[in-house]
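The structure under discussion appears below in the form of structure tokens.
These figures come from a predicted structure and were not determined experimentally. When a ligand or atom number is given, it counts from 1 through the structure's own listing order.
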Amino acid sequence: MDIKELTCIGCPMGCLLTVKIQDGIVQKVSGNNCANGDVYARKEVTNPTRIVTSTVVIKNGNKPRLSVKTKSDIPKDKIMEVMEKINDTVVNAPKNIGDVIINNVADTGVDVIATKNIKRVG
Ligand code: SF4
């Protein structure tokens with residue numbers, strides 16, 4: 001039996017979760033004060049994922065950088081690769097919220113999208 005301890009990121013309470021795992025299968029989650037903690041713990045120990053938020057360089061815009069995020073969760077072990085793709089990306093203004101900035105980033109099947117509107121200037 002493996003035991004992992006995690007801090008739940010579901011809300012500011014930050015409950016300390018204890019997860020009992022046998023043969024790769026979660027047997028029990030304790031320490032959670034709501035059902036979301038149970039769901040988070042099971043996912044975190046079997047298939048951890050995250051939304052990535054960042055910015056890319058934007059040319060000819062009224063701001064120098066455009067904020068972006070992955071449209072949905074990506075596997076946690078792909079975060080560095082996704083960040084490298086984001087850091088290498090330069091786009092041209094204008095861009096609007098929801099515009100696809102990187103299609104299928106790092107072969108995750110997830111797009112990186114704009115989260116701000118940037119107007120073209122000049
Ligand atoms: S278990 Fe529930 S109450 Fe505790 S931190 Fe997670 S979401 Fe918040």
Side-chain angles (χ1 to χ4, degrees):
M1 175 87 66
D2 289 331
I3 295 180
K4 285 197 176 175
E5 293 201 327
L6 308 167
T7 301
C8 183
I9 59 172
C11 83
M13 279 186 70
C15 297
L16 181 62
L17 309 176
T18 301
V19 189
K20 293 184 177 167
I21 306 156
Q22 182 128 36
D23 300 326
I25 296 169
V26 175
Q27 302 294 323
K28 187 172 193 288
V29 176
S30 57
N32 51 309
N33 277 304
C34 75
N36 291 341
D38 186 276
V39 172
Y40 167 76
R42 289 173 191 273
K43 191 164 165 243
E44 187 66 9
V45 299
T46 55
N47 179 30
T49 60
R50 293 287 185 276
I51 295 270
V52 173
T53 60
S54 187
T55 61
V56 298
V57 173
I58 185 163
K59 291 186 170 176
N60 308 312
N62 61 339
K63 301 258 169 59
R65 299 192 72 90
L66 169 68
S67 60
V68 298
K69 72 176 188 84
T70 53
K71 195 170 182 181
S72 60
D73 285 12
I74 58 147
K76 203 173 167 184
D77 62 7
K78 283 276 194 173
I79 289 175
M80 290 306 295
E81 200 179 333
V82 166
M83 280 306 302
E84 282 171 14
K85 300 287 182 196
I86 288 173
N87 289 339
D88 288 346
T89 298
V90 178
V91 295
N92 284 302
K95 289 287 179 260
N96 294 308
I97 293 171
D99 284 353
V100 174
I101 304 303
I102 307 173
N103 187 45
N104 185 23
V105 64
D107 293 325
T108 56
V110 175
D111 296 338
V112 172
I113 59 170
T115 57
K116 282 273 193 304
N117 297 321
I118 301 273
K119 292 179 187 159
R120 186 178 178 88
V121 291

Tell me, please, if Cys15 has any N/O/S atom, main chain or side chain, under 2.8 Å from atom 2 (Fe) of ligand 1? no

Quick check on contacts: which atoms of ligand 1 are under 4.0 angstrom from a heavy atom of Gly10? 7 (S)

Take Gln22 and Asp2 through the side chain to side chain contact (heavy atoms under 4.5 Å, CB included) test and state the conclusion after the steps. CA-CA 6 Å; Gln22 182 128 36; Asp2 289 331; over 6 Å; no

At less than 4.0 angstrom from any non-hydrogen atom of Gly37, what atoms of ligand 1 do you find? 1 (S)

For Asn32, the ligand 1 atoms with a heavy-atom partner under 4.0 Å come out as 1 (S)

Please name the residue in the list Val112, Ile51, Val52 that meets the side chain to side chain contact (heavy atoms under 4.5 Å, CB included) test with Ile74. Val52

Heteroatom N/O/S of Cys8 within less than 2.8 Å of atom 6 (Fe) of ligand 1: yes

Shortest non-hydrogen separation from Gly31 to Cys15 and the atoms involved: O-CB, 3.5 Å

Considering heavy atoms of the protein only, find what lies nearest to atom 7 (S) of ligand 1 and give residue, atom and distance to 0.1 Å. Cys34 SG, 3.5 Å

For Gly14, counting its heavy atoms only, list the atoms of ligand 1 lying under 4.0 Å from any of them. 5 (S)

So, applying side chain to side chain contact (heavy atoms under 4.5 Å, CB included) with Thr49, which one of Thr108, Thr70, Asp73 is it? Asp73

For atom 3 (S) of ligand 1, what's the nearest protein heavy-atom neighbour? Residue, atom name and distance, please. Cys11 SG, 3.7 Å

Rounded to the nearest 0.5 Å, the CE atom of Met13 sits from the OG1 atom of Thr7 at a distance of 12.5 Å

Would you call Val45 and Leu6 a side-chain contact if the rule is heavy atoms closer than 4.5 Å? yes

